Amino acid sequence: GAVVSQHPSWVICKSGTSVKIECRSLDFQATTMFWYRQFPKQSLMLMATSNEGSKATYEQGVEKDKFLINHASLTLSTLTVTSAHPEDSSFYICSARDFQGRSQPQHFGDGTRLSIL
Amino acid sequence: ELKVEQNPLFLSMQEGKNYTIYCNYSTTSDRLYWYRQDPGKSLESLFVLLSNGAVKQEGRLMASLDTKARLSTLHITAAVHDLSATYFCAAFTGNQFYFGTGTSLTVIP
């Protein structure tokens with residue numbers, strides 16, 4: 001079945017550094033990818049929709065200058081958390097839109113646990 | 001914007017008991033999904049419900065959909081400890097998922 005790889009799975013870094021998270025669709029082309037954030041014991045919140053070759057669409061309240069999204073190829077989208085601070089610590093999950101997937105329109109990555117000290 | 005509500009938010013149940021988790025959504029949705037999430041993990045797809053009256057079963061879990069009532073249920077039969085996890089429903093429409101608040105299930109021996 002379709003697989004989405006997310007890397008890294010876990011990262012700890014100091015406040016003020018930037019962190020890049022990669023999301024790859026391994027066996028299908030994903031023109032659209034989604035980035036979610038999940039705080040402890042809460043639901044997934046959509047941050048942005050990433051479209052290959054164009055600018056990402058951000059949800060209300062998400063700072064586009066803080067969370068840089070690049071979708072340069074049909075199989076890779078990246079999320080960069082710039083100048084990360086402790087409040088950015090969260091679980092970040094990407095998903096890739098599979099237009100061939102009749103019952104499963106999106107495939108989720110394994111998530112990235114981000115901890116900012 | 002489509003809103004999805006689940007209840008209960010927290011559920012503690014004894015092994016062997018039955019219980020139902022409810023998922024209400026505010027406007028028409030193309031499909032309804034149920035996911036399981038274990039601590040520190042991503043989402044595991046359980047069921048996809050495509051039409052009114054759809055019922056899917058896998059092991060001790062059974063999901064149903066009533067599009068007229070905008071309601072989906074996840075029924076747990078004879079719970080076992082392995083079912084302890086957080087369960088999310090999600091409505092899919094307009095190329096986007098709208099997730100419910102989640103139900104944290106703990107099955108007690």
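So you know, we letter chains A, B, ... as the sequences are listed, proteins then strands, and number each from 1. All of these numbers come straight from a predicted model, not from anything done at the bench.
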Chain A contact via [X] - side chain, backbone, both or neither, heavy atoms under 4.5 Å:
X        : answer
B:Phe92  : side chain
B:Tyr98  : neither
B:Ser104 : neither
B:Gln37  : side chain

Point to revise | Residues in residues 37-58 of chain A near chain B [non-hydrogen atoms, under 4.5 Å] | key: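 Heavy-atom contacts from residues 37-58 of chain A to chain B are A:Gln38, A:Gln42, A:Ser43, A:Leu44, A:Leu46.
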Check your understanding: By number, which residues in residues 81-93 of chain A have some heavy atom less than 4.5 Å away from chain B?
Key ->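 The residues closer than 4.5 Å to chain B, in numerical order, are A:Phe91, A:Ile93.
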Hydrophobic cluster identity match, [X] and [Y], side-chain contacts under 4.5 Å:
X       : Y       : answer
B:Trp34 : B:Tyr22 : no
B:Leu2  : B:Leu65 : yes
B:Val55 : B:Phe47 : no
B:Phe97 : A:Phe34 : yes
B:Ile21 : B:Leu61 : yes

Practice item. Indicate the atoms forming the closest heavy-atom contact of A:Gly111 with B:Ser42, along with that distance. Key: N-CB, 4.2 Å
Point to revise | Nearest-0.5 Å distance that lies between atom OG in B:Ser45 and atom NE2 in A:His107 | key: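 Here the interatomic distance stands at 9.5 Å.
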Practice item. Mind checking the CD-CD spacing from B:Gln96 to A:Gln106? Nearest 0.5 Å is all I need. Key: 8.5 Å
Exercise for review: Indicate, with yes or no, if the rings of A:Tyr36 and B:Phe99 have centres closer together than 6.0 Å.
Suggested key: yes
Does [X] have more than 12 heavy atoms from other residues, nucleotides or ligands lying within 6.0 Å of its [atom1]?
X        : atom1 : result
A:Lys66  : NZ    : yes
B:Glu5   : CD    : no
A:Asp110 : CG    : no

**Study point:** Most contacts with chain A, counted as non-hydrogen pairs under 4.5 angstrom, among B:Gly102, B:Gly100, B:Ala90, B:Pro39
**Key:** B:Gly100
Practice item. Fit a plane to each ring of B:Tyr35 and A:Phe108, take the angle between them on a 0 to 90° scale, and name the class: parallel (under 30°), tilted (30 to 60°) or perpendicular (over 60°). Key: perpendicular
